[in-house]
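Take a look at the structure below.
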Amino acid sequence: MRTAGSGRGTGRRAVRTRVRALAAAVVCAALLTGCPGAGNGDGEQEGRSPFTGESVPDASAPVLAVKIDNVAAARPQTGLEQADIVYVEQVESGLTRLLAVYSSDLPPSVGPVRSARESDIELLRQFGEPAFAFSGAQSRLRPVLEDSPLHLMQPGDAPGAYSRSPDRSAPHNLYLDPEGVLGEAPDAVSGASDIGFRFGPAPQGGRAGTEETVRYPAARYAFTWSAEDGRWLVSIDGREAAAAGGGRLGAPTVVLQRVEIRDSRFKDRGGSVSPYSETVGSGEATVLRGGRAYEARWSRPSAESGTEFTTPEGDPLNFAEGQVWVVLAPR
């Protein structure tokens with residue numbers, strides 16, 4: 001079982017360790033010497049996030065995944081614009097929820113935080129043993145979560161890191177302090193590492209286009225290219241998706257990953273079967289970057305493996321630097 005447990009409160013040691021690592025990296029750079037891990041050929045580059053390709057102070061900072069509400073009453077969400085990766089997952093009744101992954105930059109607040117699903121376990125295994133923040137789960141799913149390698153950080157594990165907003169009604173008003181929850185997490189939380197993403201120049205070809213749409217049974221996402229912003233701006237259910245602090249949500253790279261969505265073993269309180277998005281295997285994808293759409297293939301041999309995206313010819317398909325949205329779209 002991977003919970004806060006006996007590691008509660010020891011996360012401060014991990015913070016000190018990261019500070020020392022950062023100091024060592026600065027010294028290496030100052031001396032212009034070859035530092036360990038630079039350009040090791042597996043997608044990790046010294047000083048750059050393996051999730052965004054951007055230069056960051058600590059490229060191996062702990063990974064925190066947060067399950068975020070996405071119904072109309074939960075919008076606009078808080079802290080999404082600072083996530084490294086945002087996954088879109090189908091849930092009951094054809095709706096969707098978001099799974100935001102943080103490492104490079106921790107916002108002051110994230111939310112609204114909602115409950116976990118079985119699909120989250122498989123999806124998050126490619127991050128090693130990340131901290132996973134969520135609020136509750138179906139009763140039969142709880143032991144499955146507890147048996148997983150994820151470090152579960154529910155409100156009971158870090159009560160000081162969660163709070164209710166008086167501005168919204170429950171259950172759409174639970175918010176998380178990421179620094180606080182990582183401070184209560186075990187030191188064993190995995191740091192950021194290669195999950196298969198590659199960053200660099202765009203491939204040749206691609207289809208020119210300024211908008212792509214993904215439809216779920218009861219939700220619709222549109223991604224519109226903005227040359228001015230250099231991002232694909234997000235709209236949900238026909239409305240512009242905004243951040244709680246202002247401005248549009250969007251990302252330089254959007255991946256439309258087509259997966260098998262089947263029934264899971266679990267149901268919600270109303271008796272609706274929870275969908276399961278299969279993220280191990282292979283299939284087709286469309287990668288959006290720079291105002292063009294590139295047809296691609298995705299491959300993930302096992303839950304412990306990263307997800308590789310390639311051109312139809314089998315070459316790595318580079319993403320643009322910056323936040324990545326991965327839409328787990330129905331095949």
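Only this structure's heavy atoms are used, side chains among them; waters, hydrogens and symmetry mates stay out.
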Take S305 and Q126 through the test side chain to side chain donor-acceptor pair (under 3.5 Å) and record every step on the way to the result. CA-CA 5 Å; S305 304; Q126 61 192 317; over 6 Å; no

Under the side chain to side chain contact (heavy atoms under 4.5 Å, CB included) rule, what do L98 and Y87 come out as? Steps first, then yes or no, please. CA-CA 6 Å; L98 307 177; Y87 289 96; over 6 Å; no

List the steps, then state whether side chain to side chain contact (heavy atoms under 4.5 Å, CB included) holds for W232 with V234. CA-CA 6 Å; W232 293 86; V234 183; over 6 Å; no

Go through the steps for R97 and E89 under the test salt bridge (Lys or Arg N to Asp or Glu O under 4.0 Å), then give the verdict. CA-CA 5 Å; R97 283 195 184 158; E89 301 174 288; over 6 Å; no

Full working for salt bridge (Lys or Arg N to Asp or Glu O under 4.0 Å) between E118 and R265: CA-CA 9 Å; E118 186 184 11; R265 298 172 287 168; 2.8 Å; yes

Does T286 form a side chain to side chain donor-acceptor pair (under 3.5 Å) with E295? I'd like the steps, not just the answer. CA-CA 5 Å; T286 302; E295 296 310 312; 3.2 Å; yes

Hey, mind stepping through V254 and V324 against side chain to side chain contact (heavy atoms under 4.5 Å, CB included) and telling me if it holds? CA-CA 6 Å; V254 176; V324 179; over 6 Å; no

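Take D69 and apply the salt bridge (charged side-chain N to carboxylate O under 4.0 Å, His left out) test, not counting sequence neighbours, and it matches R114. Residues forming a ring pair (Phe, Tyr, Trp, His ring centres under 6.0 Å) with F134 (at least two apart in sequence, or on another chain): F132. Residues passing the side-chain hydrogen bond (donor to acceptor under 3.5 Å, both in side chains) test with E122, sequence neighbours excluded: Y276, T279. In this structure E240 satisfies the salt bridge (charged side-chain N to carboxylate O under 4.0 Å, His left out) test together with R248, sequence neighbours excluded. By the ring pair (Phe, Tyr, Trp, His ring centres under 6.0 Å) test, F309 pairs with F319, sequence neighbours left out. Not counting sequence neighbours, the partners of N70 by the side-chain hydrogen bond (donor to acceptor under 3.5 Å, both in side chains) test are Q77, T96, Y221. Scanning for side-chain hydrogen bond (donor to acceptor under 3.5 Å, both in side chains) contacts around S109 gives an empty result, with sequence neighbours left out. Applying the salt bridge (charged side-chain N to carboxylate O under 4.0 Å, His left out) rule to D237 yields the partners R75; only residues at least two apart in sequence or on another chain are considered. With sequence neighbours excluded, no residue forms a side-chain hydrogen bond (donor to acceptor under 3.5 Å, both in side chains) with R292.
Summarising the local packing, CZ of R331 is surrounded by more than 12 heavy atoms from other residues, nucleotides or ligands at distances under 6.0 Å.
Taking CG of L150 as the start and CG of D120 as the end, the distance is 8.5 Å to the nearest 0.5 Å. Summarising the geometry, atom CG belonging to L145 is positioned 10.5 Å from atom CD belonging to Q138; distances are rounded to the nearest 0.5 Å. To the nearest 0.5 Å, the span separating CZ on R297 from CZ on R258 amounts to 10.5 Å. Separating the CG atom in N318 from the OG1 atom in T311 is a distance of 10.0 Å, to the nearest 0.5 Å. Between L288 atom CG and R231 atom CZ the span is 14.5 Å, to the nearest 0.5 Å.
Between the side chain of Q154 and the backbone N or O of D157 there is no donor-acceptor pair closer than 3.5 Å. The backbone N or O of E179 lies less than 3.5 Å from a partner atom in the side chain of D177, making a donor-acceptor pair. T78 places no side-chain N or O within 3.5 Å of a backbone atom of A244 that could act as its donor or acceptor partner. Using modelled atom types, no side-chain atom of D229 and backbone atom of S226 make a donor-acceptor pair closer than 3.5 Å. Side-chain atoms of N173 come within 3.5 Å of backbone atoms of S165 as a donor-acceptor pair (strictly under, hydrogens ignored). Using modelled atom types, no side-chain atom of D84 and backbone atom of F51 make a donor-acceptor pair closer than 3.5 Å. S103 places a side-chain N or O within 3.5 Å of a backbone atom of A61 that can act as its donor or acceptor partner. No donor-acceptor pair under 3.5 Å is formed between the side chain of T52 and the backbone N or O of G322.
Salt bridge annotation for E321-R48: present, with a cationic side-chain nitrogen under 4.0 angstrom from a carboxylate oxygen. Checked for salt-bridge contact, E278 and R262 meet the test: a charged N lies under 4.0 Å from a carboxylate O.
R125 and S302 share no side-chain donor-acceptor pair at under 3.5 Å. For S115 and R117, the side-chain atoms include at least one donor-acceptor pair closer than 3.5 Å. E308 and S299 form no side-chain donor-acceptor contact under 3.5 Å, judged by distance and modelled atom types alone.
In the hydrophobic cluster analysis, where Ile, Leu, Val, Met, Phe, Trp and Tyr join through side-chain heavy atoms closer than 4.5 angstrom, L233 is grouped apart from V86. Under the 4.5 Å side-chain heavy-atom criterion for ILVMFWY residues, no single connected hydrophobic cluster contains both V280 and F127. The same ILVMFWY cluster, assembled from side-chain heavy atoms under 4.5 Å apart, contains both V144 and L152.
Closest heavy-atom contact between W298 and A285: CD1-CB, 4.3 Å. Annotation for A137 and R142: closest pair O-NE, 3.0 Å, computed over non-hydrogen atoms. Of all non-hydrogen atoms in Y175 and R168, the two that sit nearest each other are OH-NH1, 3.2 Å. Taking all atoms of both residues into account, the shortest heavy-atom contact from P330 to Y216 is CD-CE2, 3.8 Å. Smallest separation of non-hydrogen atoms from E81 and A243: OE1-CB, 3.5 Å. For the pair I261 and P275, the tightest heavy-atom approach, listed with the atom from each and the gap, is CG2-CB, 3.8 Å.
V91 belongs to a hydrophobic cluster whose other members, connected by ILVMFWY side-chain contacts under 4.5 Å either directly or through intermediates, are V71, L95. Side-chain contacts under 4.5 Å among hydrophobic residues (ILVMFWY), followed directly or transitively, place V273 with no other residue at all.
Put simply, the side chain of Q323 does not reach to within 4.5 Å of the side chain of I85, judged on heavy atoms. Residues L123 and S277 are not in side-chain contact: their nearest non-hydrogen atoms beyond the backbone lie 4.5 Å or more apart. Taking the side chain as every heavy atom from C-beta outward, L124 and L99 approach each other to under 4.5 Å. Taking 4.5 Å as the limit, every side-chain heavy atom of V189 sits out of range of all side-chain heavy atoms of D187. Side-chain contact check for V113 versus I68: every heavy-atom pair is 4.5 Å or farther apart.
Ring-plane geometry between W325 and F223 is classed as perpendicular, the angle between the planes exceeding 60 degrees on a 0 to 90 degree scale with a lower cut at 30.
Here salt bridge (Lys or Arg N to Asp or Glu O under 4.0 Å) pairs that include residues 208-225, with residues two or more places apart or in two chains, are R207-E212.
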